[in-house]
Amino acid sequence: MKRLLFILSLTLLLTPAAHAQRPKPNYDESQVPEFKLPDPLVTQDGKKVDSPELWNKVRRPEILELFETEVYGKSPARPENMLFEVTSVKNDALGGKAIRKEVSVYFSGKKEEPRMDLLIYLPAKATKPLPVFMALNFFGNHTITTETDVKISDKWMRANKDKAIVDHKATEASRGKSASRWPIETIIDRGYGLVAIYCGDIDPDYDDGFKNGVHALYNSKQKPAADEWGTISAWAWGLSCALDYLETDDQIDHNKVAVLGHSRLGKTSLWAGAQDPRFALVISNDSGCGGAALSRRRFGETLHVINNAFPHWFCDNFNKYIDKENELPVDQHMLISLIAPRPVYVASAEDDRWADPKGEFLSVKYAEPVYKLLGTSGFGADDMPAVNQPVQKQMGYHIRTGKHDVTDFDWQQYLNFADQHFQGS
């Protein structure tokens, strides 16, 4: 029901003209249009990519630039003078099970906005630097835990009665409201840490003309150009800035950081992992259109809907492809290919047709040739696996029962996948 209400609420975000032209979503496989995907292993001048060298020197940079200029927008270089401040440490968090830290990252190098706050949990009994999962959240770090001494976010937030957001601000009643998606103790028990960040610390999730958040540092007098960063690119940029901090923390193994995201934050995790090779493992949970799902399928959410409902997420150039998906020089399988040869995991939900589970699966499948070229085990699945039957090699995928959400089942698969690639290495 919540997912349905979310979809219906898009009508409130669309302009009257855009709403009048909004197509009815297609959920019928027989109505998926014919399409031909761009080949990630053919260069723009038509040369077949048959070696890792040609991929790394020519084709990968081509694809990355196309996504930068046509989909997400180019981001500025990360600031060299960021200020990191550890604002709290609790050595007996979660009943003595964890060390908890709160860290503020000041992007300008001065104690002023914009600032993002990291909430970090690490196993208390660890004797060596630990692998961690890093993920953005939707309503503040205080919503992922019931611990009462975690700082409540003071940033702007989307209206949400269920999360106790009042006048676009978090309240004390919002503490722990998203904890069901964050099994912190399970993560700790499995030997991993967690780094959580409120996405609105980096950039607010509304069409503000790019006047707030980190855009204000670079675009204070004019909106970004048509090929410059939208909000998803800003969030991905912020994740890389957070990784800059992790490289300074001797309790964290910064060579074993898995970046994870759900829904639009899953789009972000894929883009962050594609750009920044320091992310050792990349996870997309129900990321759909503009994330893991193939745009050319026009199934569920489409470029028409997403660009009208959320014009701030992508760069302006992406609008050129509304109802013209076949003219896109890339599709989302190529986004996944940019992560190769690092492990990547894409997850779908059976009842989340809006995010096009089959389109998400196909992106993994059609990115596999790049993974194989680079000498990995690839994916190994020609057909969608059965529900709740994960496929896990260098590339992972599952479709589970249920709706658009992050569940314990999802986390169990991500932890198992991380065990394969992080533990003992």
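Being a predicted model, the structure only gives us computed values, none of them experimental.
Arg190 contributes no side-chain N or O that, together with a main-chain N or O of Glu185, makes up a donor-acceptor pair within less than 3.5 Å. Using a distance-only test at 3.5 Å, with no hydrogens or angles considered, no donor-acceptor pair links the side chain of Lys393 to the main chain of Gly378. Judged by distance alone, with hydrogens and angles left aside, the side-chain atoms of Ser104 form no donor-acceptor pair with the main-chain N or O of Glu85 at under 3.5 Å. Thr143 places no side-chain N or O within 3.5 Å of a backbone atom of Ser174 that could act as its donor or acceptor partner. A side-chain donor-acceptor contact under 3.5 Å links Asp286 to the backbone of Asp405. Side-chain atoms of Gln31 never come within 3.5 Å of backbone atoms of Tyr27 as a donor-acceptor pair (strictly under, hydrogens ignored). Looking at Arg342, its side chain does come within 3.5 Å of a backbone N or O of Phe279 through a donor-acceptor pair. No side-chain donor-acceptor contact under 3.5 Å links Ser263 to the backbone of Leu265. A side-chain donor-acceptor contact under 3.5 Å links Asn81 to the backbone of Ser108. When atom types are taken as modelled, the side chain of Ser377 and the backbone of Gln394 share a donor-acceptor pair closer than 3.5 angstrom.
The pair Asp316-Lys223 counts as a salt bridge, with a side-chain nitrogen and a carboxylate oxygen less than 4.0 angstrom apart. Ion pairing between a basic and an acidic side chain is recognised when a charged N comes within 4.0 Å of a carboxylate O; Glu172 and Arg175 show such pairing. Salt-bridge check for Lys155 with Glu113: passed, with a basic side-chain N closer than 4.0 Å to an acidic carboxylate O. Salt bridge Asp205/Arg264: present, at least one basic N to carboxylate O contact under 4.0 Å. A salt bridge is absent between Arg297 and Glu325: the closest approach of a Lys/Arg side-chain nitrogen to an acidic carboxylate oxygen does not fall below 4.0 angstrom. Between Arg400 and Glu350 there is no salt bridge, since no side-chain N of the basic residue sits under 4.0 Å from a carboxylate O of the acidic one. Taking a cutoff of 4.0 Å between a charged side-chain nitrogen and a carboxylate oxygen, Lys151 and Asp117 qualify as a salt bridge. With salt bridges taken as basic N to acidic carboxylate O contacts below 4.0 Å, none links Lys365 and Glu368. Using a 4.0 Å cut-off between charged side-chain N and carboxylate O, Asp244 and Arg278 make a salt bridge. Remark: Lys74 engages Asp227 in a salt bridge, criterion side-chain N to carboxylate O under 4.0 Å. Checked for salt-bridge contact, Asp201 and Arg115 miss the test: no charged N lies under 4.0 Å from a carboxylate O.
Side-chain atoms of Pro390 and Tyr397, non-hydrogen and from C-beta on, never get closer than 4.5 Å to each other. Side-chain contact between Leu362 and Lys358: present, with at least one pair of heavy atoms (C-beta onward) separated by less than 4.5 Å. When side chains are defined from C-beta on, Ile144 does not count as touching Lys177, because their heavy atoms never get closer than 4.5 Å. Using a 4.5 Å cut-off on side-chain heavy atoms (C-beta onward), Tyr121 and Ile99 make no contact. Counting only heavy atoms from C-beta outward, the side chains of Asn160 and Phe138 never approach each other to under 4.5 Å. Residues Trp182 and Ile187 fail the side-chain proximity criterion, which asks for heavy atoms closer than 4.5 Å. At a threshold of 4.5 Å between non-hydrogen side-chain atoms, the residues Cys315 and Glu70 do not count as touching.
Relative ring orientation between His333 and Tyr366 is described as perpendicular, the plane-to-plane angle rising above 60° on a 0-90° scale split at 30° and 60°. Relative ring orientation between Trp313 and Phe310 is described as parallel, the plane-to-plane angle staying below 30° on a 0-90° scale split at 30° and 60°. By the 30° and 60° cut-offs, the orientation of the rings of Phe84 relative to Tyr245 is perpendicular.
Applying the 6.0 Å contact sphere to CG of Asp167 captures no more than 12 heavy atoms from other residues, nucleotides or ligands. Taking a 6.0 Å sphere around CD of Glu29, one finds it holds more than 12 heavy atoms contributed by other residues, nucleotides or ligands. Remark: Asp154 CG is packed, more than 12 non-hydrogen atoms of other residues, nucleotides or ligands lying under 6.0 Å away. Few gaps surround NZ on Lys320; more than 12 heavy atoms of other groups in view lie less than 6.0 Å from it. Annotation: Glu62, atom CD; neighbour count of heavy atoms from other residues, nucleotides and ligands within 6.0 Å is above 12.
Separation of the Phe422 and Phe133 ring centroids does not fall under the 6.0 Å cut-off. Checked against the 6.0 Å centroid criterion, the rings of His398 and Tyr345 qualify as a close aromatic pair. In summary, the aromatic rings of Tyr218 and Trp229 are positioned with their centroids under 6.0 Å apart. Checked against the 6.0 Å centroid threshold, Tyr72 and Trp237 do not count as a close aromatic pair.
Asn308 approaches Ile322 most closely through the heavy-atom pair ND2-CD1, 4.3 Å. Pairing each heavy atom of Ala367 with each of Ile336, the nearest pair is CB-CG2, 3.7 Å. Pairing each heavy atom of Gln332 with each of Gly291, the nearest pair is NE2-O, 2.8 Å. Nearest approach of Ala292 to Ser287, heavy atoms of both residues: N-OG, 2.8 Å. Nearest heavy-atom pair, Met134 versus Ala242, reported as atom, atom and distance to 0.1 Å: CE-CB, 3.8 Å. When all heavy atoms of Gly273 and Val282 are compared, the closest pair comes out as CA-CG2, 3.7 Å.
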Practice item. Give the intermediate values and the outcome of side chain to side chain contact (heavy atoms under 4.5 Å, CB included) for residues Phe107 and Leu217. Key: CA-CA 9 Å; Phe107 297 106; Leu217 290 176; 3.6 Å; yes

**Study point:** From CA spacing to verdict: side chain to side chain contact (heavy atoms under 4.5 Å, CB included), Leu130, Asp253
**Key:** CA-CA 5 Å; Leu130 294 164; Asp253 187 344; 5.8 Å; no

Practice item. Using the side chain to side chain contact (heavy atoms under 4.5 Å, CB included) rule, take Ser240 and Gln275 through it: C-alpha gap first, then chi angles, then the decisive distance, then the call. Key: CA-CA 9 Å; Ser240 288; Gln275 294 179 96; over 6 Å; no

Exercise for review: Test ring pair (Phe, Tyr, Trp, His ring centres under 6.0 Å) on Phe379 and Phe361 and set out the steps.
Suggested key: CA-CA 11 Å; Phe379 186 33; Phe361 164 79; 5.7 Å; yes

Exercise for review: Test side chain to side chain contact (heavy atoms under 4.5 Å, CB included) on His262 and Asp410 and set out the steps.
Suggested key: CA-CA 11 Å; His262 169 63; Asp410 294 318; over 6 Å; no

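Rounded to the nearest 0.5 angstrom, Leu194 CG and Leu122 CG are separated by 9.0 Å. To the nearest 0.5 Å, atoms NE2 (His312) and CG (Asp203) are separated by 7.5 Å. With rounding to the nearest 0.5 Å, the separation of CD in Gln420 from CG in Leu281 is 10.0 Å. Here the straight-line distance linking atom CG of Leu239 with atom OG of Ser269 works out to 8.0 Å at 0.5 Å rounding.
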